[in-house]
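Below is one structure, written out as structure tokens; comments come after it.
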Amino acid sequence: MQTSETEQILLHHFDDHTQQHESAMLGMWAFLATEVMFFGGLITAYVIYRHGNFHAFALASRHLNVPLGFVNTIVLLTSSLTMAMAVRESQLGRIRGIVIYLVATALLGTAFLGIKAVEWTADYHEHLIPGINFDWSLAQSGRHSPGGGEPSTIHTAPEEAETAPNYPSDMPEVSPTSVPEARRAEMFFVLYFFMTGLHAIHLIIGVVLVGLMAYLAQRRWLSGAGQTQIEVTGLYWHFIDIVWIFLYPLLYLIEVRS
Amino acid sequence: MSQHIASVRSNLVVFALLMVLLVATVAGAYMPLGRFHLAVAMTIALAKALLVLLYFMHVRYSTRVTWAFSAAAFVWLAIMVSLTLSDYLTRGTLLIEGK
């Protein structure tokens with residue numbers, strides 16, 4: 001139960017605090033449903049292109065840094081934990097706890113963006129950015145194969161692509177077979193940068209929101225302990241986390257076994 | 001206020017499960033699963049998403065109408081992907097030129 005000091009102001013058009021809180025949650029969920037569709041368009045595009053260009057997608061995906069992606073997933077999942085804790089503290093009306101957990105969440109979110117920036121920089125140096133410097137042959141030759149020495153160009157020939165293991169040859173293709181593999185791989189990186197880029201934009205907004213909430217809670221600006229505002233921010237943050245939960249296996253973990 | 005307050009213990013258990021599932025995702029990607037890689041990865045991702053949805057986002061303790069809104073978002077996505085794939089996955093199956 002809330003003490004009167006941390007009870008939120010009841011707006012006149014609501015019957016009670018429960019209704020006010022539930023309305024805010026419902027409104028946020030209506031927004032998140034549109035966000036699911038926002039990312040859903042990209043995910044559908046990804047599904048179609050991956051279906052038609054599986055081999056090139058698997059090869060292109062090997063240029064991504066799986067360990068860094070793994071660490072980033074841990075960072076983001078941990079930030080969801082601290083966000084959930086911040087929501088709990090706000091429900092209990094403990095300002096100090098709110099601020100500590102929100103700052104931790106914002107820091108973890110920033111760490112995620114930092115690691116992402118390192119990955120994108122590496123992609124740039126590997127000539128993997130479509131529209132800027134994409135060069136599949138340079139990217140392939142610059143890549144260090146696990147065996148060392150010889151670059152792993154074994155699978156780059158298009159005719160071998162059709163006979164590669166795990167590639168159903170009877171599958172009708174989106175792109176005609178005449179499309180060079182470099183173009184197919186480029187499509188993977190177009191989708192990769194749009195999906196991770198859109199995710200990063202959301203995360204930047206999330207970090208700003210969480211930081212703002214921490215500041216406002218510290219200043220006692222929010223009504224009560226800001227439980228509704230912080231929980232709505234939490235919903236947004238967890239949503240970003242869910243998007244990444246799907247992006248990590250879709251982008252980083254296509255046929256990692258060689 | 002009758003809103004549900006998640007215990008520290010429940011938050012930590014959910015977090016631990018998420019970590020276990022994350023390790024399972026990566027382990028699954030390196031295991032010889034043949035053509036089931038995507039199915040395994042997506043099943044695990046779905047389980048992780050459900051944990052976050054139900055516990056971190058408190059959907060489990062929310063009103064029915066919130067349940068409906070959150071489920072609708074993913075049902076629409078499922079409709080979009082499945083109807084699109086019903087086209088792409090069945091192209092060429094009729095063995096008729098141009099169909």
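Quick caveat: nothing in here was measured; it's all calculated off a predicted structure. Letters go in sequence order (proteins before strands), and every chain restarts at 1.
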Inset, instruction - Supply the atom-to-atom distance Thr73(A) OG1 to Leu18(B) CG, rounded to the nearest 0.5 angstrom. - result: 11.0 Å
Inset, instruction - Sort out for me which of Val243(A), Val47(A), Asp241(A), Ile74(A) touches chain B most, counting heavy-atom pairs under 4.5 Å. - result: Ile74(A)
Legend entry - Other residues, nucleotides, ligands: >12 heavy atoms within 6.0 Å of Tyr101(A) OH: no
Legend entry - Atom group of Tyr248(A) that falls short of 4.5 Å from chain B, counting heavy atoms: side chain
Inset, instruction - Count the heavy-atom pairs under 4.5 Å between each of Val87(A), Thr78(A), Ile43(A) and chain B, then report the option with the highest count. - result: Thr78(A)
Inset, instruction - Would you mind checking which part of Thr34(A) comes under 4.5 Å of any heavy atom in chain B, side chain (CB onward), backbone (N, CA, C, O), both or neither? - result: neither
Legend entry - Non-hydrogen side-chain atoms of His238(A) and Leu53(B) separated by less than 4.5 Å: no
Inset, instruction - Step through the shown structure and confirm whether more than 12 heavy atoms of other residues, nucleotides or ligands are within 6.0 Å of CZ on Phe70(A). - result: yes
Inset, instruction - Specify which of Met25(A), Gln20(A), Met85(A), Arg88(A) makes the most heavy-atom pairs with chain B at under 4.5 Å. - result: Arg88(A)
Legend entry - Spacing of CG belonging to Leu253(A) relative to CG belonging to Leu38(B), to within rounding of 0.5 Å: 11.0 Å
Inset, instruction - Tell me, yes or no, whether the heavy-atom count around Phe36(B) atom CZ, taken from other residues, nucleotides or ligands under 6.0 Å, exceeds 12. - result: no
Legend entry - OG1-CD1 distance between Thr44(A) and Ile79(B), expressed to the nearest 0.5 angstrom: 11.5 Å
Inset, instruction - List in chain and number order the residues that pass side chain to side chain contact (heavy atoms under 4.5 Å, CB included) with Leu26(A), two or more places apart in sequence or in another chain; answer none if no residue qualifies. - result: Val65(B), Thr66(B), Phe69(B)
Inset, instruction - Enter the distance from Trp29(A):CH2 to Met57(B):CE here, rounded to the nearest 0.5 Å. - result: 4.0 Å
Legend entry - Which of Val26(B), Thr25(B), Asn11(B), Thr84(B) touches chain A most, by non-hydrogen pairs under 4.5 Å: Asn11(B)
Legend entry - Flag if over 12 foreign heavy atoms under 6.0 Å of CG, Leu83(B): yes
Legend entry - Distance, nearest 0.5 Å, that separates CG of Leu22(B) from CG of Leu77(A): 6.0 Å
Inset, instruction - For each of Phe74(B), Tyr55(B), Phe15(B), tally heavy-atom pairs with chain A at distances under 4.5 Å, and name the one with the top tally. - result: Phe15(B)
Inset, instruction - Identify the heavy atoms of His58(B) and Gln91(A) that sit nearest to each other, and give their distance. - result: CE1-NE2, 3.8 Å
Legend entry - Partner chain A: residue of Ala41(B), Ser62(B), Ala6(B), Ala68(B) with the largest heavy-atom pair count (under 4.5 Å): Ala6(B)
Inset, instruction - Tell me, yes or no, whether the heavy-atom count around Phe38(A) atom CZ, taken from other residues, nucleotides or ligands under 6.0 Å, exceeds 12. - result: no
Legend entry - Selection from Leu21(B), Ile44(B), Val14(B), Leu46(B) maximising heavy-atom pairs under 4.5 Å formed with chain A: Leu46(B)
Legend entry - Those residues that, when tested against Met37(A), pass side chain to side chain contact (heavy atoms under 4.5 Å, CB included) (two or more places apart): Trp76(B), Met80(B)
